[in-house]
Structures are given as structure tokens and as C-alpha cells.
Amino acid sequence: MPTYEELRAQAEQARQPTPGPQRPLIKVGVTTCSRAVGAQETLDAVRKELADRGLEADVMVTGCWGLCYAEPIVEVAHLGRPAVLYGRLTADKVPQLIEGAVATDRVGVVPELALAVLADEPLEGVPPLSASGGLEFFAGQERRLMANCGVTDPDSIDQYISRGGYEGLAKALGMTDEQVINEVLESGLWGRGGAAFSTGRKWEFLRGANVTPKYMICNADEGDPGSFVNRNLMESDPHLIVEGMAIGGYATGASYGYIYIRDEYPLPVERMEAAIRQARERGLLGGDVLGSAQTGARPGGFAFDLEVVRGAGSYVCGEETGLIASIEDARGMPKIRPPFPAQAGVFDMPSNVNNVESYANVPLILREGAAWYASVGSENHKGTKMFSLSGQVQRVGILEVPLGTPMSDVVMGAGGGPPEGRALKAVQPGGPLSGIVPASDVGIALEPEPFKERGMFMGSGGLVVLDDSNCVVDLAIYFEWFAEDESCGRCTTCFAGTRRLLEILKRISSGRGRSSDPEIMRLLADTMSYANCVHGQAAPTVVMTMFSFFEEELNEHLYNKRCPAKVCRGMVRYEVVHHSDKLPAAEAICPTQAVVRENGSYRIDQGKCIKCDACREQAPYAIAVVDEFGPG
Amino acid sequence: MTKITAGPSHTSRYTALDPVPGDVELLAKVRELIDDLSPDNAELLTAFHRIQQAYGYVPRETIPVIATKFRTTPAMLYGALDFYSEIRTVPPAETVVEWCSGPACLLKGSMNIRRVLESILGCEMSQNTDDGAFGLRLVQCDGTCHLAPLVRREGRYIGPLSVSDTIRLARELKGEGEPEPVPESGGLKAGEGQPAVESAAEQEGGGA
């Protein structure tokens, strides 16, 4: 088995992704989010254009910078010049790019397509991609977990190793298992999946279990709608997770690991499986990890292997006991704890379940040391956290900031806030169970306590932004629908509780709310807090935060039967309020023939109208949404 | 180190099943598909995925075959099958439109899109039309929220969609063109003054 030094030398020797003389390097990010807007076509077009013109260049596939709003992204690097990122580079813009950036001998920048330059200074008016400013989306970021995202080829283990990958594992193998756990404890790392429990403590529990075999499990069932940070890590830097799990296996005595990836993520499954295969080929997984039998890291050497399990579409499988049940070929229903997984997990053997991001932190802690790790973050929480931004923001994307960063820096700064002309209303911080933060509190620090004080959870990092065109009651209906739909059905408190909440909310949104409804909902929430798993316990959070922060809006629905944002369908109707030449287009587009022309004027047939808004899109001046129940 | 699987064996709840009636060819093919899987190895979902990959759904008659393979009862197996929303037990429609139910899409108006899809394609969400020509499938957020609100068709993402775009898309799928907007009056600058009365024939418009 090769030692780490041999692997590193081998990796350095493999051709490194740097531009050569007269041979620029072109990187195309290919991930789920960029493929959705045609990155694969861009990649093909780049290859074809280069071949057609007979140009010399290297083309490389990379992961994702997290700049979802500007995908597909192409990077062009020339020897001795800073590399330039080009955004929204669909296949049709490739000829222009190749012409301006590769075919000419000049500076090789196409400013009108460029997004940022990978340097500290602007180049030809293109802003720099740096944390200290330049591109707004990067300001304030501290990219540690994401250091390789968008930079390296996720399918190349050599590139990972040559950038310090697997050094953490090599270091860990030179320490005792206790020392490794102490290092993790010292860093203060806690679980990034939402519960924020100390990772080191969890590992101690598993190490203390006397039964073998033990299992490491990676929870990659990123089911929270609106969170996609784990997906980006698995697609852009899969070896980071493999390495983190191997270190965990060494520290706890686990010999096998499962990575449970949700069914909605086909590309991460591919890339994780490829990473595992490569790690096995290099002796980083298998019966004798990094020649540990010879170096005497552990009597008989350290053996560890991994396997990917693909889920099949279930939110509660993101709960650790549900996930374990799903691995065991059964319905993925959560169980009552104790026993905790560290006592009886998968196949009733001691197991440890951590989130993708938790594992991904571990190699960095081992490689750079706990002190380095703790050098950023707030007073109580060290390290960084990845967040995904979506909803009503100008820049949708994934970023990594130190813990304790004000949420406004992320939402308003990096994300650019709501679209022009709209005002921020609220932020929904992480998954359907986490609650809603009102705009007045958008400045709170991104760490667990400020959320807990407000009766919410920080969750797993999916920030969904609402603006004043959105209705809180409507969002609550969505989340209760989600909670009801995904409830496993074991506890009546949960499956019936969520259904009742949904019924009541739907009634309120249709204008049939009763003054007793808030009280009933509070009682339900109280009962639901006795559910067996967090799904049932936390399902009413969104309703409770609505009571705390959006009572006025709720009461408007309840007592005045009015939806201020004009979203709740039961409380509005469409009317022709002006005449305009766009009305024939509205008539043509209407899917139910509800825009009726009579004697030269138009009206909406309320019996046919499904309130889809298409007519107003066509004739915004002529057609208005009015309150169904009118004032008073 | 190779895998150690431990824990309770499934044998206690295993009873051999009589050969089931059904399409012999299909059952043989399914047996072949799952031949290399083992019952105590976290591989049931793999079996479901493989069968669904091959047929577009997990046919009901294959359940006893899978149960025999995994040394469990059809009831246990059906329980697992029923639990996962991405495993289907009905054949997919000829044209399937996947509608993202995520919160970013919701905030950007995905309910309106859902309404017009249901209205024009003629089927409810998560259902197929009676003739099996069209189906709507509810999918969960996969983090392509920069395209919100979006639908997917044959793996292609379509978004951000306006309601009008969606109506055009759905009509195209149905093979109907959008009725041409009938101008209110031939030569007049529209929008001003009283509109001219249209004849009924003109109102029919020209379907493209």
C-alpha cells in the first residue's frame, strides 16, 4: 500500500490543471444547477469550437462556485495572466468567447461576458472575485469547505490530493483515536444538519460502544426544500466527504460507512460513487488504509470502506433513525430514541449519523489544526457554515460565511435583497420545520441561539427569502402541507396534527376562518410537541412564528377576510377594471375562456376563472386582483 | 475491509411463496435484474430503482418476486414500496410534466402554473389522464431555484416560467395552438375610444 507521501508525489506528477504556454485552460462548471441551464451544451460547444478553429487549449470540467444566478460559468486562464470567469455563458455565446478570449493574442478578456477576475485587482473593468469586495456575491465569504468548489475537477482524485486532500486522514492515522476525537472536540464543530449537536461528543459515544462492527453514516438526504448546500459539496468536492468519513471511522472504530443520498440528486450519487472507487484504487479505502498495517497506526491496520445508498423520495429519512430504517430495507419511519444510533443503529449495531457538511469539516480540522479552525466564527461558535439562497433574491446561490455573520449580510449583501421595487418581508431560514424570521430581525447572527430565542431553528442552511408580494399564511399552508405529506404516519400527534393544522389554515385562507382558530392551533402545537421525532414536534413552528411575528397579517385574513398580498386564492377575484388594447391577448391566453367579450367590452366569468393570473400578465393595466369580500 | 453485515436476519418472517401468475417474461426479466442483490445488504431500494429504470414503474405483479428475493413478505415489501414517493406503481403517462413543489417556486408563483397545467392537460397533480397521454408529477426541490418557478420534462428544466409561457407550453404539448388574439378593430389605434363590435366569425380566431 502506498504511503501518503507517495500518493502526494504521484498526484503532483499527474498533469496539473494550469495553463501552458500558448495553451489556455478552459474550465466549465458542470453540476445540477448549471446543467439545468445548459452547461453540458456549453461544454460541448467549447470543445467543438476549439476543434473547428484548430485552437490549442485544455478543457476541464469543474464543480460549482455557488454562483447559481450566473450559471453556466466558464473560466478561461492564460499563462501568466489572472483567470477570468464568464457568467451566463450559454452555448450560443461560446463562439464570441472563444473568438475574444482564446483566438486572439491580446489580453484575452471579453469584458461584456465576464463576471469576475480571479485576482485582487480589477482587470479591464471586470471586478475581482475576492472576499474583500469586487463581486458582491463573494463579499464576506470565507471559503474553506468550498475551497475546491469550481476550482478542481470533482472526478479527479489527483487534483484533490495535490491541494492537500487526504493529508488530514494521513495525520489522523498518526494519532490515537482519542487524540483525533479531542482535536474535533477542541475545534467546537457541531452537527450542521440542524440539531447542532457536538460532533466530537457523538463520536465519543460511538467509540465507547463495545460491539462491532460499527458504522459511519452520512446523511445526504438533504430533504429541506430550499437547501442545496450538501448537493453542491457532493458534486464539487466529493473526496472531502470520503476523507471526513474515513477519519471518523478511524476515530470511532467503525469499519464501514453508508452515504445515504436522496433520490432527487442523481449527479451527487454518480460523483460520490466515482470518488469512492478512486479512493479504493489508491488505497485510501479498503482493508489497509494508507498502509496503516505497516506504520502501526492500529494493530492489524485500519480498514474502512464506503457505499452509496440512493434514497427514494422521503423527507423523514433525513431524521437519523428514519434514515437507518431506510437503509435496513424497510419503511423509513423514525423510531423512538433511546436507544440512540450509537447504541443500536443500522442492523442494530452501533452507528454514527452526521450531515454531509459536518463530515466535510473534519479533514480541514485535522489538516490545519483545531486552532486554525476556530480562528473564524463568533464568540461561541467557531468555523464556517454554508448557506443556500433562494426565493425572492436577486442572486440565487450557495455561499460560505463564518458563523455569527449577520443574516442581512447574506440576504441583502450577497443576495442583493428582493427584486427591484419590492421590500423584504421575511426569511425562512432552513427547512419546513424552522419557522419564519420577520424582516425586522434580518440582522440577527447566523448561529443557533438567536433563532432559538425566537422559537425557531437555524436548520440546515437553506435561506428562502420572501418579499411583500408573498403571503405568510400561504407559506404556512405550504409548509403544513409538506409536513402532512411527509409525515411517516406513526404518531397520531404528527399525522393528524399536521392535517388539522392544514385544514384550519386552508379554511382561514379561503375566508372562512373562525375567531377560535388561533387557540385551536396553539393547542394542537402543544400536543404535537409530544410527537416521537422532531418532524412532528417542529411541524407547528411555522404557525407559531406566524403568531409571534405576523399576527397582524393573520388577523387580517381571519377577521377582515382579506389577504394583504392578494395571494390567497379564496380571498381574491380577477376583474376588468380598465379598457386596454391588451385585452384580446388576455382573452386568447385564458386557459378556461373566462375572459369574455360582450358587446365590445370585457368581463371575467367568475364561474370559469381559475385565478391563474395569465390574463393579468397579458393586460396588467386592464385587469386587477381585487378583494373578494371587499372592505367592511 | 469488506463489508460486515450483521443484525437480525429476515428469515423469521420469510415464507416461501407459490409461483405467481403473471407475465412470465416480465418476471424472468425482473429476477435477472435483481439477481446479484442480497437480502441483508441495504439493497431493496436498489432493486426498486433498477426495476423502475427498466419499466418506468414497479409493476404490482413483481412484488412477490422481489419479496422472495429479499426473504420477506409481500406485505412488508408493499409497505416499503408505498412509503417512498419516487417509486411508482402505475405506468407513467406518455408525456409527463414534472412540477417543482419547492418554496422558491411557490413564492414565485408555482401554484398558478400548477393550475393551468391541470386545467389544460386535463389531469390533477400526481395523476395521469384517463387515456394515459398526459401525466403531472409533483417533484421536490432539487436546488435549481435560480430557475424558479420551473417544470421539468424529459430531464430538461424549463424556467423561470410565466403563467403565459406555461399555457403556451401546455397547449403545445396538447397539440393545440394558441388562439390568435383577435384585434378589437382593424385599423384603429387600439386602447382609445370605444371598441368596435366584433362579428362572431372573427371571434372564433385562427388556431395556429
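Computed from a predicted structure; not experimentally measured. Below, chain A is the first sequence line, B the second, and so on; all start at residue 1.
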Between CE of B/M111 and CD1 of A/I477, what distance do you get to the nearest 0.5 Å?
9.0 Å
How many angstroms lie between atom CD of B/Q140 and atom CG of A/D224, to the nearest 0.5 angstrom?
11.0 Å
In short, A/A330 meets B/Y84 closest at the heavy-atom pair O-OH, 2.9 Å
Locate the shortest heavy-atom distance separating A/C590 from B/R171; write the atom from each residue and the value.
O-NH2, 3.1 Å
Of all heavy-atom pairs between B/G102 and A/P225, which one has the smallest distance, and what is that distance?
CA-CB, 4.5 Å
Quick one: what part of B/I87 sits under 4.5 Å from any heavy atom of chain A, side chain, backbone, both or neither?
both
Rounding to 0.5 Å, atoms CG (A/D613) and CD1 (B/I113) come to a distance of 10.5 Å
At a 4.5 Å cut-off on heavy atoms, which part of A/Y621 comes close to chain B: side chain, backbone, both, or neither?
neither
Contacting region of B/S101 [heavy-atom separation from chain A under 4.5 Å]:
both
Would you say B/D142 and A/F228 make side-chain contact, with heavy atoms under 4.5 Å?
no
Counting only heavy atoms closer than 4.5 Å, note whether B/I167 contacts chain A via side chain, backbone, both or neither.
side chain
Is the shortest side-chain heavy-atom distance between A/D263 and B/H49 below 4.5 Å?
yes
Select one option (side chain, backbone, both, neither) describing which atoms of B/S119 are under 4.5 Å from chain A's heavy atoms.
side chain
Give me the atom names and distance for the closest heavy-atom approach of B/C145 to A/S390.
CB-CB, 3.4 Å
What closest approach, in Å, do A/D329 and B/E43 show between heavy atoms, and which atom pair accounts for it?
OD1-N, 3.2 Å
Residue from A/G391, A/C612, A/C488 scoring the most non-hydrogen pairs under 4.5 Å with chain B is A/C612
Beyond-backbone contact of A/Y260 with B/L45, side-chain heavy atoms, under 4.5 angstrom:
yes
Between atom OG1 of B/T166 and atom CD of A/E617, what is the distance when rounded to the nearest 0.5 Å?
7.5 Å
Side chains of A/I589 and B/R168, heavy atoms from C-beta outward: is any pair under 4.5 Å?
yes
All pairs passing salt bridge (charged side-chain N to carboxylate O under 4.0 Å, His left out) where residues 118-127 of chain B contributes a residue, at least two apart:
B/R114-B/E118
Between B/D82 and A/R331, is there a side-chain heavy-atom distance shorter than 4.5 Å?
yes
Where do B/L107 and A/V465 come nearest, in terms of heavy atoms and distance?
CD1-O, 3.3 Å
Straight-line distance of B/E86 CD to A/R310 CZ, nearest 0.5 Å:
8.5 Å
Contacting moiety of B/L117, where chain A heavy atoms sit under 4.5 Å:
neither
Could you measure the distance from the OG atom of A/S326 to the CG atom of B/L44? Nearest 0.5 Å is fine.
9.0 Å
A/V316 vs B/F83 side-chain heavy atoms within contact, under 4.5 Å
yes
